[in-house]
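First up is the structure itself, then whatever we jot down about it.
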Amino acid sequence: MKDILENRKQKFPIILPDLSEVQRISFCWFLTEGLSEELTNCPSILNKRSGIELIIYGQEYKIYYPSFAILNALKKKGNYNLRVYVLMSLKKNETVKNGSVQSEDFSPKERVFFGEIPLMTEKGTFIFNGCERVIVSQIIRSPGIYYKRIQKEKKVFYEGTIISKHGSWLTFELEYNLIWVKFDKQYKIPINWFLVGFSLEEHEIYQTVQNYEFLRKSVKSLNSVIYDKMFHKATFGSYNKSMLMSVFRIRELINERLLNKSLYDLGEVGRIKLNKKLGISLPLNIRILTSLDILKAIDKLIHISSYNEKLDDIDNLENRRVRSVGELLQLQVRVALNRLRKKITTDEKLTPDMFRVKKTKKGTTDKKSRDIKIKTNNKGKANQSFEEEIPLEETLMPNDLVNAKVLTSVIREFFGLSPLSQYFDEINALAQLTHKRRISSLGPGGLNSEHVSFAARDIHPTQYGRLCPIETPEGQKAGLIASLATHAKINNYGFITTPFFRVYKGKVLRELGPIYLTAEQETIYKVASGDVLLTKDEFFQTTSVPVRFYNEFIIVDSVSVDFIAVSPIQIIAIGASLIPFLEHDDANRALMGSNMQ
């Protein structure tokens with residue numbers, strides 16, 4: 001028995017990672033990259049009426065740390081905030097007034113106080129109104145394209161939805177042989193009108209789409225359906241006129257919702273997912289939808305419906321990503337910039353004459369100098385000195401347009417009212433750690449706890465080593481709030497990864513260190529669990545080993561194993577891992593135990 005225990009100690013050195021780094025890494029990313037990324041996405045704001053444009057130098061920002069200690073903020077029930085200063089300038093565009101051309105003009109650059117953002121403490125918490133708060137990470141659908149099969153009253157139809165990081169969701173619906181396009185589940189547009197609205201020629205479609213014949217028949221059927229439904233009593237001339245008007249409206253909608261960079265953004269993850277799913281290789285900096293994306297998405301939808309291909313599982317962790325503190329704060333900066341844009345573009349008080357105002361300044365303005373003059377000179381001379389006027393030119397500065405309250409109020413609203421901003425659970429050290437590693441499916445952009453299917457709450461095979469299958473609340477939020485597993489980390493794209501040791505010809509290569517895999521990467525490998533018995537030379541003791549392969553449990557030869565889990569407690573969260581003999585407990589009792597620690 002002693003030998004087995006010693007052997008186990010050698011074989012499984014459980015070195016846990018930094019358990020609260022999830023919060024800190026994300027906030028550091030926000031300060032170094034996230035904030036500048038959002039500012040550079042909004043390089044200028046133009047007021048068309050006056051021709052005055054605010055130029056924002058997104059990379060040129062400064063952060064000033066609070067001058068007082070954390071304890072002072074807690075004692076005085078204040079905020080522990082950073083002050084953000086951004087370099088800005090104003091430009092007056094060339095305008096024509098009373099027949100004369102007024103040339104371009106620039107104001108000097110100046111650092112403008114942009115607003116206050118709470119600073120994270122070393123613990124990974126924020127101090128807001130004298131209380132410690134934590135921003136819980138949110139798990140949402142990853143941007144990309146997802147296909148599903150819907151059955152309604154003996155009708156079967158297929159749907160392909162393109163989800164963006166910011167902006168409209170675009171859905172392609174295939175019903176029998178008719179294809180429709182939906183914007184945000186509002187506008188239902190026939191595919192032919194949509195393709196014309198995208199300015200696509202027939203030869204382009206023919207070259208790109210493999211199932212061209214199906215699409216052509218669908219367009220023909222749609223034309224007859226539209227003609228029967230909408231223009232049954234109309235003449236052919238009025239039908240053409242109405243159709244032309246519809247196409248113009250659709251083109252306007254496409255330019256407004258899909259091709260506008262400020263309103264539509266697939267994000268880097270969205271572009272990677274689209275490229276992979278549709279078999280295209282567009283550069284990652286193309287963040288809007290192209291005609292190639294649209295045609296390939298339609299082609300794939302036809303292919304899936306014709307050949308009954310594999311559909312996407314939205315509960316799979318390869319299709320879900322985590323938005324941590326940094327990204328949630330970046331969203332608030334985006335909201336603040338949109339409010340600022342709206343305020344400046346609709347400001348009616350701004351006029352071209354305001355840019356440079358000529359003012360006259362009296363010769364003596366300083367009180368002290370006035371007093372000296374009155375004492376030394378007689379009254380008449382003093383009055384003369386006041387009447388002397390100096391011509392002065394005043395330039396409108398960015399400080400006059402930008403109000404720091406915009407960002408500060410958005411951040412305050414987020415920290416005070418968002419369901420993801422919560423009072424820090426300070427009962428004990430374990431409660432604190434668990435709270436910082438919590439992951440919620442609720443909140444803005446997430447699920448609604450009242451209308452969630454059982455499938456969304458259920459444990460998915462891809463959660464192995466990523467989300468704890470035990471630690472979740474009881475009641476209405478069961479399965480919607482989870483905890484990160486002990487060794488899980490979140491990668492740069494927001495996907496949860498878990499570590500494994502490489503196995504080569506039946507030998508575990510610990511010296512190479514752990515390799516972190518996402519759910520998508522892990523599926524294609526044969527992965528053994530962490531409690532499989534090994535010899536002193538790190539070989540498997542038995543020739544047949546139980547493994548997971550494509551989310552199924554199978555038994556393979558030890559030589560075929562690709563990876564082995566780092567630790568037996570890798571699959572559960574910190575709270576559950578501290579329960580002795582957890583494997584003997586009923587799952588419901590273990591859940592209660594892990595929530596009561």
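Summarising the local packing, CD of E552 is surrounded by 12 or fewer heavy atoms from other residues, nucleotides or ligands at distances under 6.0 Å. N492 CG: 12 or fewer foreign heavy atoms inside a 6.0 Å radius. No more than 12 heavy-atom neighbours from other residues, nucleotides or ligands sit within 6.0 angstrom of OH on Y493. Counted within 6.0 Å of CD on E122, heavy atoms from surrounding residues, nucleotides or ligands total 12 or fewer; the atom is thus considered open.
Using a 3.5 Å distance cut-off with no hydrogens or angles, the side chains of S529 and D531 do pair a donor with an acceptor. Under 3.5 Å, the side chains of Q210 and H303 contain no donor-acceptor pair of N or O atoms. Using a 3.5 Å distance cut-off with no hydrogens or angles, the side chains of R24 and S20 do pair a donor with an acceptor. Neither side chain, N551 nor H460, offers a donor N or O lying under 3.5 Å from an acceptor on the other. Residues R320 and S142 bring no donor and acceptor atom of their side chains to less than 3.5 Å of each other. One side chain, E132 or T125, offers a donor N or O that lies under 3.5 Å from an acceptor on the other. For the residue pair T498 and Q570, a side-chain donor N or O sits within less than 3.5 Å of a side-chain acceptor on the partner. In summary, the side chains of S560 and D557 do not present any donor paired with an acceptor at a separation below 3.5 Å, with no hydrogens or angles considered. Side-chain polar atoms of R83 and Y85 form a donor-acceptor pair below 3.5 angstrom. Using modelled atom types and a 3.5 Å distance limit, the side chains of Q432 and E426 yield no donor-acceptor pair. Looking at S168 and D184, their side chains do bring a donor and an acceptor atom within 3.5 Å of each other.
Between K148 atom NZ and Y146 atom OH the span is 12.5 Å, to the nearest 0.5 Å.
Nearest approach of I162 to L266, heavy atoms of both residues: CG2-CD2, 4.2 Å. In this structure, L591 and I470 approach most closely via the heavy-atom pair CD1-O, 3.3 Å. The two residues L311 and R149 have their closest heavy-atom pair at CD1-CB, 3.4 Å. The nearest pair of heavy atoms linking S324 to S137 is OG-OG, 3.6 Å. Heavy-atom minimum distance, K277 versus I145: NZ-O, 2.8 Å. Looking at every heavy atom in both residues, T523 comes nearest to A519 through OG1-O, 2.9 Å.
Ring pair F27/F126 is perpendicular by interplanar angle, where above 60° counts as perpendicular and below 30° as parallel.
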